[in-house]
Q: 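The structure is given below, and queries will be raised subsequently.
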There are 2 protein chains.
Amino acid sequence: MTTEARRTLIEAAQELYATNGVAATTPREVLARSGVGQGSLYHHFPSKRDLAAAAVAQTVDDTLGSAAATLDGADAPQRRIADYLERPRAATAGCRVGRLTADPVVMGDETLRGEVSRYFTELIELVAQAFAEQGLDAAAARDRATTAVAVIQGGYVLSRALGDDAAMSSAVRGLLELMEPRTDWARGEEQA
Amino acid sequence: MTTEARRTLIEAAQELYATNGVAATTPREVLARSGVGQGSLYHHFPSKRDLAAAAVAQTVDDTLGSAAATLDGADAPQRRIADYLERPRAATAGCRVGRLTADPVVMGDETLRGEVSRYFTELIELVAQAFAEQGLDAAAARDRATTAVAVIQGGYVLSRALGDDAAMSSAVRGLLELMEPRTDWARGEEQA
DNA sequence: GTCTATATTGTGATAGAC
DNA sequence: GTCTATCACAATATAGAC
């Protein structure tokens, strides 16, 4: 079936990109992992960039959908934000989307760069919406959402650099502590 | 002179790594940019990895020294931290060290990975020291320092992804706002 | 739509003269 | 220590049969 080989190729590419990035992933590796023949690859995807465009768009959709499931819920905004920040992550593996900002093939292709840009634009917007519901004005909500997403992305970078998931946990803990009402020297509580 | 060609090669490699990463930088490009001949490169650096080890170590030393100049100063810790966070950065260019965590050649080589690890270990320690001087206990200072460094690294990722230096500024602004004493609903000030 | 064979170019490294 | 010439191999892609 035509769609079968295509999907298999995209999935193999997604996994390889998560490990090695787009630039360092060769068509040969995609063929080996997918079990599909050479002719099929170039039938479905005339060039390496065409495969990358399909696989990266799929990864952005997957990852964004998963984040939206947490951030768009019916819980209190404070809870949704904490759930998003504390979600279990394979931090030392790095962010599948964030790592693409260091990939020369991605950054050199307008379509691929656009997918990465779309991911972060929509993610920051989701988080900003939750902060706005907490009562922050639009500008402050946007700044704080950018900070929160940056902590996650930076947490991935640090965990990878140090080879330890604890760096992500530490970065998130530091942020949550700052966002907590300061019961130590100020009044007791802010919300229920 | 022997040292001259060597230094020229390292500088050319550093610049190319900052733009394209280590994996995507070819010996030919280093030769073209440095103006040195092929034989010289392989005389000074038997393999591509040897050149990368020298150039990455130099970049880590440069970047760490520049951060330490701000963070080790005589100013109040609060000021040194703010100066570090607000330092002018070419954010859309990405972090020269942080981007290496997505580079398969770097992550696949123990020496290179060690340099990246050393950078963040020492950077977090410098920032944690300043937070500790502000009165935070060791664990809290370490978490907050990790958060601060993550905001910068995440700021680079977001600025690159969105093609806009404003993302870094927004992430830093959001963090500084969280670290400020909350004069709106708590007591007026914490320090001078 | 898929296969095998092959072409083309670039990469990483070596050889050997100077 | 530096140069030019060259090699072996892999990456990306195409050709043309089935």
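All values below come from the heavy atoms of this structure, side chains included, with hydrogens, waters and symmetry mates left out. Residue numbers begin at 1 in each chain, while the letters A, B, ... track the order of the sequences.
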Q: Take A:G37 and B:A24, find for each the nucleotide of DNA chain C with the closest heavy atom, and name the residue whose nucleotide sits nearer the 5' end.
A: A:G37
Q: Take atom CG of B:L31 and atom P of D:dA5, then tell me their distance rounded to the nearest Å.
A: 15 Å
Q: At under 4.0 Å, does any side-chain N or O of A:S40 touch on OP1 or OP2 of C:dC3?
A: yes
Q: Calculate the interatomic distance between A:Y42 atom OH and C:dA5 atom C1'; express it in whole Å.
A: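 After rounding, the reported distance stands at 14 Å.
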Q: Please report, rounded to the nearest Å, how far the C1' atom of D:dT14 is from the NZ atom of A:K48.
A: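 Going from A:K48 (NZ) to D:dT14 (C1'), I get 18 Å.
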Q: Can you find a side-chain donor-acceptor pair between B:S170 and A:R142 that sits under 3.5 Å?
A: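 Per modelled atom types, B:S170 and A:R142 side chains form no pair under 3.5 Å.
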Q: Taking OP1 and OP2 of D:dT2, is either one under 4.0 Å from a side-chain nitrogen or oxygen of B:H43?
A: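 So the side-chain polar atoms of B:H43 never come under 4.0 Å of the phosphate oxygens OP1 or OP2 of D:dT2.
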Q: In this structure, how many angstroms lie between the P atom of D:dG16 and the CD atom of A:Q38, rounded?
A: 17 Å
Q: Are OP1 or OP2 of C:dT2 and a side-chain N or O of A:H44 less than 4.0 angstrom apart?
A: yes
Q: Can you check the A:L9 CG to C:dG1 P distance for me, whole Å?
A: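 Atom-to-atom, A:L9 to C:dG1, this comes out as 13 Å.
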Q: Whether the A:S47 and A:D50 side chains hold a donor-acceptor pair (N or O, under 3.5 Å, no angle test) is what I'd like checked.
A: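 Looking only at side-chain atoms, A:D50 and A:S47 do form a donor-acceptor pair, the distance falling under 3.5 Å.
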Q: With a 4.0 Å cut-off, would you call A:R118 and A:D61 a salt bridge?
A: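 Salt bridge flag = yes for A:D61 with A:R118.
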Q: B:S47 side chain N/O closer than 4.0 Å to the phosphate oxygens (OP1, OP2) of C:dG12?
A: no
Q: Is a donor from one side chain sitting under 3.5 angstrom from an acceptor on the other, for B:D62 and B:T59?
A: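 Distance-only check fails for B:D62 and B:T59.
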Q: Expressed as a whole number of angstroms, how long is the span from A:L41:CG to D:dA11:C1'?
A: 13 Å
Q: Let me know the distance between CG of B:D50 and C1' of C:dA13, rounded to the nearest Å.
A: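 These atoms are roughly 12 Å apart.
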Q: Are A:R99 and A:Y119 in a cation-pi contact, defined as NZ or CZ under 6.0 Å from the six-membered ring centre and within 45° of the axis?
A: no
Q: Choose from D:dA11, C:dG12, D:dC3 the nucleotide whose nearest atom is closest to any side-chain atom of A:R28.
A: D:dA11
Q: Any base atoms under 4.0 Å from B:G39, or only sugar-phosphate, or nothing? Heavy atoms, all strands.
A: base
